Peer 1: 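Below you will find the structure I want to go over with you.
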Number of protein chains: 2
Amino acid sequence: MKKVKRTTIYDIAAKLGITASSVSRALNNSNQVNEKTKELIMKTADELNYKRNILASNLRKGQSKTIGVVVPRINQNFFSNVIAGIEEMTYQKGYNLIICQSGELHDKEIQCVNTLINQHVDCIVISVSADSYDYQHLQNVLDHGIQLIQFDRVAEELETLKVINDNVQASFEAVSHLIEGGYKRIALLEGPQNLNIFKQRKEGYLKAFKMYNVPVIEELIVENAWTKELGAEGTRKLLSLPNPPDAIFASTSDFSALGVLDVANDMGIKVPSELGICGYANESFSEITSPSITTIDQFSVYMGNTVANLFFQEIGNTDTAAKPKIISIKPELIIRGSTLKNAKV
Amino acid sequence: MKKVKRTTIYDIAAKLGITASSVSRALNNSNQVNEKTKELIMKTADELNYKRNILASNLRKGQSKTIGVVVPRINQNFFSNVIAGIEEMTYQKGYNLIICQSGELHDKEIQCVNTLINQHVDCIVISVSADSYDYQHLQNVLDHGIQLIQFDRVAEELETLKVINDNVQASFEAVSHLIEGGYKRIALLEGPQNLNIFKQRKEGYLKAFKMYNVPVIEELIVENAWTKELGAEGTRKLLSLPNPPDAIFASTSDFSALGVLDVANDMGIKVPSELGICGYANESFSEITSPSITTIDQFSVYMGNTVANLFFQEIGNTDTAAKPKIISIKPELIIRGSTLKNAKV
DNA sequence: ATATTTTACGCAATCGATTGCAATTTCAAA
DNA sequence: TTTGAAATTGCAATCGATTGCGTAAAATAT
């Protein structure tokens with residue numbers, strides 16, 4: 001690659017016999033520079049193919065107009081949607097996004113966060129990884145005076161801005177739907193309980209049982225079943241119980257629900273008449289399985305939008321005493337074939 | 001958010017009664033600073049919670065250690081996988097990724113590219129949007145001395161580094177598979193022909209016909225059918241022909257193939273016995289439809305890896321005369337139920 | 001024509017890290 | 001003890017843009 005000397009404001013200034021100050025002011029559309037000169041400068045800048053050096057500009061101004069995003073995996077539907085949603089909003093305002101993936105690893109997450117602090121980003125947006133056990137690195141972000149916004153998977157004990165789904169409610173509605181549909185023995189595939197979201201989904205599950213006065217059966221709760229494979233494994237165990245469940249709520253994801261469906265098919269168990277299945281996240285495929293899978297939509301793109309807007313709202317806000325905001329988005333239960341026990345399909 | 005004065009190398013220097021020069025050298029692990037002082041500096045830096053200001057560093061060094069990525073949509077499986085693949089490699093080398101989405105719009109794409117030039121990124125990685133009609137903005141990237149890598153959807157006339165799929169070959173194999181499977185009238189759902197990838201897929205389709213000495217039937221080629229809806233629409237037209245096809249190659253995507261499957265199901269046409277279906281891209285759902293859809297895997301994550309590695313390889317290379325490299329990845333035909341005409345399923 | 005206010009522009013410092021060159025110190029060889 | 005080389009450290013310029021302060025020039029008022 002050939003080294004090209006890029007044109008600076010000094011080049012423009014030299015060509016016009018003026019100072020860089022005026023050029024800078026003109027380019028920033030300051031009103032303390034003559035209209036004629038301004039036009040001239042603009043024209044020359046264009047001719048010389050000038051592009052402002054953001055590094056220099058930001059260094060001087062002490063900001064970076066950059067937002068760092070840390071997610072477990074970029075190529076996971078939910079996260080890529082949230083990122084798309086963030087980008088949509090931030091792009092308009094001239095902000096850039098730096099994206100990192102933690103790969104669900106605590107150490108890598110720490111590295112990512114430190115990288116972003118180094119970059120002097122104006123804000124860090126994060127959804128913590130599954131094996132995060134402490135949050136010193138997030139506290140560190142705050143100590144550096146960097147705005148921190150957590151979304152979806154959040155460390156609740158940290159007082160930061162948060163954008164979350166109301167997992168309890170969603171889960172509650174899903175299980176209520178199963179109960180009302182006539183299912184009697186409803187199993188739960190749960191995720192790592194150190195993640196708030198999975199804890200909340202379990203909470204919603206239990207809440208529904210309480211509400212409908214149905215006793216909870218411990219053996220129907222399967223830990224750590226948050227992939228397709230683990231979901232399938234859990235299902236096999238459940239279905240070979242002397243008294244197997246007649247519905248399974250795969251609270252971790254649609255992938256896990258897919259595992260359930262696979263096993264049911266293998267074992268010749270009819271869905272939804274003999275076994276109801278409910279997933280979580282409204283992955284695109286959940287609509288096209290047969291039967292299609294009842295699931296919960298999290299409005300992920302909208303969630304991204306919300307995160308971005310929250311940030312912009314806060315930078316305008318100098319009130320130190322303001323309490324950290326928590327925005328909760330209500331997910332929506334999407335009822336499909338897999339939970340329609342009594343319907344004629 | 002409270003304003004926090006961040007510690008600089010001058011703070012460290014002052015505390016130790018030495019110069020910033022030495023601090024800088026120590027932090028860069030230069031060997032022209034005494035081991036003892038170095039240790040002391042490191043320790044103090046740590047105590048003061050020092051983080052290097054990358055803006056200043058990069059400004060001075062005239063680089064940004066940042067790679068810009070422009071894709072039509074972040075939250076599209078293929079692209080988010082490529083991005084994940086790029087990130088995997090670049091992260092290790094201390095590079096950051098700035099992500100933009102063009103939304104398939106030419107103008108937004110230009111804006112994105114300009115933003116990235118402003119940012120003084122070291123490299124721009126791009127997959128052009130569907131309605132791009134000229135490539136002045138890409139030429140502009142080169143004129144600024146910024147490395148440019150195109151992937152998947154590329155402007156062929158521009159001499160840049162490219163990482164592509166061998167679409168012709170993949171398409172050829174897919175259609176050959178259909179022909180050999182006993183399908184006689186094979187239709188093509190094609191995408192916008194201004195995108196090289198779709199042109200190539202059509203080429204592969206035609207090539208297979210030639211190879212097997214099968215005449216091409218123009219009425220079986222449907223333009224611009226690259227979403228699920230358009231795919232469905234095209235399929236309806238095709239199947240209502242006096243002499244309908246017995247196989248459809250949805251060369252644009254699995255989504256389009258899904259549209260085909262839906263219509264076939266609606267019309268009571270049996271897949272694969274009465275109608276064969278082949279998609280493109282190996283979306284996760286293609287495996288779980290019934291029947292599962294034969295498709296083509298593009299090794300998207302690997303493609304991202306390749307892009308990143310290509311970049312790192314090139315920055316070491318000062319040879320101006322070197323010709324731009326084109327790396328072609330061979331996709332793989334994944335045969336599934338939807339094209340097994342004669343198999344007993 | 002003179003005084004006063006605007007307007008437009010220049011000067012020079014600043015943001016924080018890096019680096020070529022010079023100066024000083026250290027240490028071993030003569 | 002002197003000398004020369006090597007190892008450390010300091011000085012000061014630099015990257016490019018921004019901005020407070022000051023001044024000259026132009027515009028307005030007296």
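Chain A is the first sequence line, chain B the second, and so forth, proteins listed ahead of strands; every chain is numbered from 1. The structure presented is a predicted model; accordingly, all values stated were derived computationally and were not measured. The figures that follow rest on heavy atoms only: side chains count, while hydrogens, waters and symmetry mates do not.
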Peer 1: Near DNA chain D, under 4.0 Å by heavy atom, which residues of residues 34-41 of chain B?
Peer 2: Asn34(B), Thr37(B)
Peer 1: Is there a side-chain contact between Thr19(A) and the phosphate of dG10(C), meaning an N or O under 4.0 Å from OP1 or OP2?
Peer 2: yes
Peer 1: Using a distance-only test with no angle check, is there a side-chain donor-acceptor pair under 3.5 angstrom linking Ser129(A) and Ser132(A)?
Peer 2: yes
Peer 1: Whole-Å distance between dG16(C) P and Arg6(B) CZ?
Peer 2: 10 Å
Peer 1: Report which part of the nucleic acid Leu55(B) touches: base, sugar-phosphate, or nothing (heavy-atom distance under 4.0 Å, all strands).
Peer 2: nothing
Peer 1: Round to the nearest Å and state the distance from Ile54(B) atom CD1 to dG16(C) atom P.
Peer 2: 14 Å
Peer 1: Please identify which of these residues, Ile41(B), Leu48(B), Asp46(B), meets the side-chain contact (heavy atoms from CB on, under 4.5 Å) condition with Thr44(B).
Peer 2: Leu48(B)
Peer 1: Could you tell me whether Leu27(A) contacts a base, only the sugar-phosphate backbone, or nothing, with contacts defined as non-hydrogen atoms closer than 4.0 Å?
Peer 2: nothing
Peer 1: How does protein reach along nucleotides 19-24 of chain C, written 5' to 3' as B (base within reach of a heavy atom under 4.0 Å), S (only sugar-phosphate), or - (no contact)?
Peer 2: BB----
Peer 1: Establish, from distance only, whether the side-chain atoms of Asn96(A) and Gln119(B) form a donor-acceptor pair under 3.5 Å.
Peer 2: yes
Peer 1: Apply ring pair (Phe, Tyr, Trp, His ring centres under 6.0 Å) to His137(A) and list each qualifying residue two or more places apart in sequence or on a separate chain.
Peer 2: His106(A)
Peer 1: Looking at dA17(D), I'd like to know if its phosphate oxygens (OP1 or OP2) sit under 4.0 Å from a side-chain N or O belonging to Tyr50(A).
Peer 2: yes
Peer 1: Would you indicate which nucleotide in dG16(C), dG10(C), dA17(D) comes nearest to any side-chain atom of Ala56(B)?
Peer 2: dG16(C)
